[in-house]
Engineer: 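Okay, handing you the structure first.
Side chains included, hydrogens not; waters and symmetry mates left out as well; all remaining heavy atoms used.
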Amino acid sequence: SVVPRTALQQVWSPPDFIQGRAGCIRLRMRKGYDFMLGTGYLPSCGCVGYWEQVIALWNWFDEVYHEQPLRTLPVIGLDANARLGTRPLNTTAHLGLIGPHGHQQENQPGREFRSFLQRAGFTAISTLYADAAGSTYYDSRGHSSRIDYILSTPYAAEYIQAVRVERKI
C-alpha cells in the first residue's frame with residue numbers, strides 16, 4: 001500500500017443535519033507534510049434548508065482546516081453546485097484564489113463559495129488551468145455546467161504544474 005495504515009490520524013464528520021455531505025481525514029506521513037483530505041457535496045440551490053446547510057458546510061470545512069497543524073496540506077474535492085464565473089480573485093500577496101478559467105456567469109451559490117475561499121484562504125485549483133475549464137456536470141437534456149472543484153492552499157497551487165478534467169470516462 002502507498003499509505004501506511006498508521007498514517008490515519010483523525011476522521012471528521014459534519015454535524016448530524018448535514019451528515020453525509022462532507023468528510024475529512026488527516027494523514028500523518030513519516031516524512032514531509034501531513035495531508036487533510038476532504039470531500040464535500042453541497043445541496044442544489046432551492047432545496048429545503050439550502051442556505052442553512054451551505055453556511056454550515058462552509059463553516060465546518062473552515063473549522064476542520066483551522067484545527068490542523070501548520071505542516072498540514074489540505075486537498076478537498078468538492079461538488080459545490082456553484083458557478084464562480086470568470087472574475088479572478090487574488091490574495092493580498094497576489095496568489096490566485098480563483099483563476100480566469102471559468103466559462104459561466106457567477107450565481108448566488110458561486111458568490112457564497114467565493115466568500116468562503118477568501119475567508120478560509122483556499123484556492124479553487126481547477127480554475128487556474130485552461131485544461132480544467134469547462135463543464136463537469138451534464139444532464140440528460142444536454143445542459144452542462146462546471147460545479148466541481150479541487151481546493152487547496154494558494155502556496156500549494158504555486159507548485160502545481162497542470163490540472164486536466166477527463167471528460168471521457
Engineer: State, with a plain yes or no, whether a side-chain heavy atom of Asp131 is found less than 4.5 Å away from one of Val163.
Structural biologist: no
Engineer: Could you pull out all residues at least two apart from Arg28 that satisfy side-chain contact (heavy atoms from CB on, under 4.5 Å)?
Structural biologist: Gln9, Arg26, Asp34, Arg71
Engineer: List, by chain and then residue number, the residues other than Leu95 in its hydrophobic cluster (Ile/Leu/Val/Met/Phe/Trp/Tyr, side-chain heavy atoms under 4.5 Å); write none if there are no others.
Structural biologist: Tyr155
Engineer: Sorted by first residue and then second, give each side-chain hydrogen bond (donor to acceptor under 3.5 Å, both in side chains) pair with at least one member in residues 36-47; sequence neighbours left out.
Structural biologist: none
Engineer: Heavy-atom distance under 4.5 Å between the side chains of Ile98 and Leu117, does that happen here?
Structural biologist: yes
Engineer: Would you please name every residue forming a side-chain hydrogen bond (donor to acceptor under 3.5 Å, both in side chains) with Glu67, sequence neighbours left out?
Structural biologist: Trp12
Engineer: For residues Ile150 and Ser126, report the shortest heavy-atom separation together with the two atoms involved.
Structural biologist: N-OG, 3.3 Å
Engineer: Gln19: what forms a side-chain contact (heavy atoms from CB on, under 4.5 Å) with it, not counting sequence neighbours?
Structural biologist: Ser13, Pro14, Asp16
Engineer: To the nearest 0.5 Å, what is the distance between CG (Leu57) and CD1 (Ile18)?
Structural biologist: 4.0 Å
Engineer: Test of understanding: clusters of I, L, V, M, F, W, Y form through side-chain heavy atoms closer than 4.5 Å, transitively. Do Val11 and Leu27 belong to the same one?
Structural biologist: yes
Engineer: May I ask whether Met36 and Val3 are part of the same hydrophobic cluster, defined by side-chain heavy atoms of I, L, V, M, F, W, Y residues being less than 4.5 angstrom apart, directly or through others?
Structural biologist: no
Engineer: List for me each residue that meets side-chain hydrogen bond (donor to acceptor under 3.5 Å, both in side chains) alongside His66, sequence neighbours excluded, and say none if there are none.
Structural biologist: Asp62
Engineer: Restricting to side-chain contact (heavy atoms from CB on, under 4.5 Å), what partner residues turn up for Thr6, sequence neighbours left out?
Structural biologist: Pro4, Arg30
Engineer: Can you list the residues that meet the side-chain contact (heavy atoms from CB on, under 4.5 Å) rule with Ala156, with sequence neighbours excluded?
Structural biologist: Leu73, Ser152, Thr153
Engineer: Between CG of Leu89 and CZ of Arg87, what distance do you get to the nearest 0.5 Å?
Structural biologist: 7.5 Å
Engineer: Run the ring pair (Phe, Tyr, Trp, His ring centres under 6.0 Å) test on Phe122 and Tyr65 for me, step by step, so that the C-alpha distance in whole Å, both residues' side-chain angles and the decisive distance to 0.1 Å come before the verdict.
Structural biologist: CA-CA 10 Å; Phe122 282 121; Tyr65 174 56; 4.8 Å; yes
Engineer: Going only through I, L, V, M, F, W and Y residues with side-chain contacts under 4.5 Å, is there a path from Ile125 to Phe61?
Structural biologist: no
Engineer: Holding to side-chain hydrogen bond (donor to acceptor under 3.5 Å, both in side chains), I want the full list of residues that pass it with Arg141, two or more places apart in sequence or in another chain.
Structural biologist: Asp139
Engineer: Could you pull out every donor-acceptor pair under 3.5 Å between side chains of residues 75-85 and any protein atom, sequence neighbours left out?
Structural biologist:
residue, atom, partner, partner atom, Å
Asp79, OD1, Asn81, N, 3.3
Asn81, ND2, Leu42, O, 2.6
Arg83, NE, Gln104, OE1, 3.1

Engineer: Does Gln10 CD have over 12 foreign heavy atoms under 6.0 Å away?
Structural biologist: yes
Engineer: Taking ring pair (Phe, Tyr, Trp, His ring centres under 6.0 Å) as the definition, give me every residue that meets it alongside Phe113, ordered by chain and number, with sequence neighbours left out.
Structural biologist: Trp58, Tyr149
Engineer: List for me each residue that meets side-chain hydrogen bond (donor to acceptor under 3.5 Å, both in side chains) alongside Arg111, sequence neighbours excluded, and say none if there are none.
Structural biologist: Gln108
Engineer: Around Tyr159, counting heavy atoms of other residues, nucleotides and ligands shown, do more than 12 lie under 6.0 Å from its OH?
Structural biologist: no
Engineer: Determine the minimum heavy-atom distance between Thr91 and Pro154, stating which atoms define it.
Structural biologist: CG2-CG, 4.1 Å
Engineer: Is there a path from Leu37 to Leu151 through hydrophobic residues (I, L, V, M, F, W, Y) whose side chains come within less than 4.5 Å of each other?
Structural biologist: no
Engineer: Could you measure the distance from the NE2 atom of His101 to the OG1 atom of Thr86? Nearest 0.5 Å is fine.
Structural biologist: 11.0 Å
